[in-house]
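Right, one structure below, let's go through it.
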Amino acid sequence: MRLHPFLLLCILCGCSENSKTSNYTTLEYCNQWVQHPMHPFFSVNTDKKDSTIIRMYTRGKQKGVLGKSFENVFEDETPVDIHLKYQTKDCFSSQLVAYFFDQDSELTGSDTLLLPQTAEWAEFSGKIQTKKCNFLTFTLESQGINNDRPGILTIRNLSISTKGIALSTAKKREVYPIKTANIQTWEEFLSSRLMRKKILALGETVHGTETLGNMAFSLMKERVTYHNSKLLLFELPLEYTLVLNRYIKNDKQFEQTYADIKHRLRGSLFSDSILSFFNWVKEYNSTNNNEISLYGVDFNPTHLDSEVDLSNFLYTLNHKRDPKIDSLCNLLLNKDSKANEITQKIKANESIKQELTEMEYNILLHCISNWDLRNSFLRFGMRDDVMAATTRKLVTLLNPPNTTTTMYLHFGHASYHWIGLSENAFVHFPDIHSMGQQLKTHFTDDYACLALTCYKGNATLPEQNVLKTQTLKAAPESSIEFQMNRKRKNVSFLPANAIPSGCTYFIRNITTVPLKWTNLYLK
């Protein structure tokens with residue numbers, strides 16, 4: 001689908017917003033509070049008859065955490081009042097925790113209010129003393145007493161207020177116009193130092209768009225041609241891209257896999273332009289000693305997909321029909337196979353070592369090492385951790401000195417901070433970090449992120465598990481997209497340090513949902 005492009009946004013510095021609070025705070029799970037990726041409750045239900053009541057069911061003894069963040073600038077110590085009614089059943093402990101963050105989203109402190117266990121409805125009033133901070137995250141946490149049944153924490157009429165005014169993200173924003181002088185042209189951007197970064201991540205803010213895809217591929221071609229980018233990384237399962245890498249390196253054994261590549265990617269959130277780009281890389285490699293490698297940093301949604309991808313790769317590679325390799329393919333397809341068992345078979349199989357390159361051999365073992373996650377309900381909570389570890393692995397193996405790496409994936413993964421999940425309800429958990437934040441910590445100034453976003457248009461987005469063409473919601477006045485569109489430039493670049501000091505803008509979210517926006521703290 002086509003979009004109207006206008007903005008390249010580079011994440012380089014930090015900003016915050018001084019804002020007022022308003023309205024009443026109620027606990028509405030679906031669009032107000034977010035489950036912790038690594039500590040989710042078994043279920044969280046709003047009472048059908050009373051929307052002020054919410055019940056949280058633990059996974060036995062495992063801690064459940066539900067959180068919400070509020071944008072409020074506190075210049076000094078300010079009391080925040082908490083009031084609620086609650087009851088517990090089969091809970092070992094329950095508490096409400098406040099975390100304080102500065103303008104760079106760094107944790108500066110926390111405070112905990114314990115909720116004594118009670119089977120009857122009880123009133124609770126507490127007070128926390130904030131430190132100087134730019135926003136707060138509150139979490140409701142509970143653990144069950146045993147694993148035979150869930151613990152239940154029920155909350156009613158939760159209010160969080162300061163000076164008699166409820167904290168709320170639903171507030172009027174002061175709009176800060178962006179100065180035209182700070183906006184750079186496409187040509188100016190291409191000659192900027194950002195294009196020379198050791199690792200440059202291109203983060204799309206809307207999935208399934210032809211325009212943003214073409215922009216990313218234009219930048220990838222620029223990096224390959226003029227900035228020695230020898231490694232290209234995508235938000236694709238690593239297991240699957242073992243085949244794809246052989247294809248773009250002109251391995252004749254894998255020419256026939258292109259039909260499968262087309263079928264698989266056309267059923268995804270990528271536009272067809274990605275197929276043209278893969279063939280461009282293949283053609284480039286044919287005259288440049290196959291020097292470009294292309295891999296994914298993600299993992300499959302199901303373990304069966306991973307098993308099939310690895311088995312297909314090895315089976316296609318095994319043109320001599322070596323029985324030891326075929327035996328390994330069958331072992332990979334056995335759902336009862338253990339990761340350590342497969343790893344031992346691979347290490348003991350000399351035929352595998354002869355067929356694979358050294359890099360492929362290491363990548364194969366890395367893929368298997370992640371299989372312990374395949375049956376875990378936490379596997380997607382650990383997704384950014386796995387993607388960061390995979391990226392570090394691939395850069396170490398395939399990105400020697402004087403060469404660069406270019407990535408294309410969701411902005412929410414690539415950005416330096418964990419980004420909220422829905423309109424007026426962002427959450428920043430202190431112990432959860434995006435892939436980009438982990439890479440920034442590891443590679444420091446060698447890693448940079450670029451946001452690709454747009455003002456309006458259509459995108460192919462999922463609706464009830466079916467991909468449909470949907471119209472994106474108009475950008476609000478307090479968004480970067482709206483402010484940039486006022487400049488009437490088709491494609492522009494805005495360095496984050498050009499954003500007015502002391503403000504926070506809306507920007508399109510990582511999510512594929514077309515109507516949601518989130519607040520963005522830049523660093």
Side-chain angles (χ1 to χ4, degrees), residues 197 199-224 229-249 254 257-258 260-282 284-285 291-301 305-306 309-310 313 359-360 363 366-367 370 383-384 386-395 397-399 403-415 434-436 438-439 447-452 460 510 512:
K197 286 287 183 178
I199 306 169
L200 178 61
L202 310 175
E204 61 177 2
T205 57
V206 182
H207 233 351
T209 63
E210 182 180 351
T211 300
L212 295 190
N214 287 339
M215 186 179 293
F217 303 138
S218 294
L219 290 171
M220 281 189 151
K221 291 177 183 179
E222 185 82 9
R223 292 263 291 174
V224 167
S229 189
K230 305 299 185 188
L231 177 59
L232 305 177
L233 302 178
F234 286 78
E235 190 178 331
L236 288 168
L238 177 58
E239 299 95 328
Y240 177 67
T241 54
L242 285 165
V243 168
L244 184 56
N245 184 64
R246 283 276 184 158
Y247 172 76
I248 60 100
K249 285 183 178 290
F254 290 84
T257 63
Y258 184 64
D260 177 68
I261 293 170
K262 287 197 299 183
H263 174 74
R264 181 155 177 173
L265 293 181
R266 280 178 173 166
S268 71
L269 288 171
F270 286 100
S271 67
D272 281 352
S273 55
I274 195 172
L275 299 170
S276 299
F277 176 71
F278 289 158
N279 282 323
W280 179 88
V281 178
K282 186 175 186 294
Y284 181 94
N285 268 341
E291 63 185 14
I292 307 298
S293 297
L294 192 157
Y295 287 107
V297 298
D298 206 351
F299 56 87
N300 277 303
D305 290 329
S306 297
D309 284 344
L310 291 181
F313 170 65
M359 272 73 78
E360 286 174 332
I363 289 170
H366 178 77
C367 289
N370 289 328
R383 189 176 175 196
D384 276 72
V386 173
M387 292 170 74
T390 298
T391 301
R392 292 194 298 268
K393 181 80 171 180
L394 293 173
V395 169
L397 290 172
L398 296 164
N399 198 180
T403 66
T404 66
T405 295
T406 310
M407 308 178 71
Y408 179 42
L409 65 170
H410 259 139
F411 176 53
H413 295 302
S415 65
S434 68
M435 180 204 76
Q438 296 179 58
L439 295 181
Y447 177 81
C449 169
L450 187 72
L452 307 177
T460 303
I510 175 180
T512 52

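The analysis underlying the following values was restricted to heavy atoms, covering all of them including side chains, and did not include hydrogens, waters or symmetry mates.
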Distance-only donor-acceptor check, side chains Asn279 and Tyr258, under 3.5 Å: yes

Nearest non-hydrogen partners of Val297 and Leu394, listed with the distance: CG1-CD1, 4.2 Å

Test salt bridge (charged side-chain N to carboxylate O under 4.0 Å, His left out) applied to Lys393 - qualifying residues, sequence neighbours left out: none

Salt bridge (charged side-chain N to carboxylate O under 4.0 Å, His left out) assessment of Arg264 paired with Asp305: CA-CA 12 Å; Arg264 181 155 177 173; Asp305 290 329; 5.7 Å; no

Flag for Tyr295-Asn245: side-chain donor and acceptor within less than 3.5 Å: yes

Salt bridge (charged side-chain N to carboxylate O under 4.0 Å, His left out) partners of Arg246, counting only residues at least two apart: Asp251, Glu360

Name of the residue among Leu439, Leu233, Asp298 meeting side-chain contact (heavy atoms from CB on, under 4.5 Å) with Met387: Asp298

Residue of the set Thr390, Leu310, Asn300, Asp309 for which side-chain contact (heavy atoms from CB on, under 4.5 Å) holds with Cys367: Leu310

Contacts of Glu291 that satisfy salt bridge (charged side-chain N to carboxylate O under 4.0 Å, His left out) - sequence neighbours left out: Lys230

Phe234-Phe278 aromatic ring centre distance below 6.0 Å: yes

Test: Lys221 cationic atom under 6.0 Å from Phe277 six-membered ring centre, within 45° of axis: no

CD1 on Ile292 to CD1 on Ile248, rounded to 0.5 Å: 7.5 Å

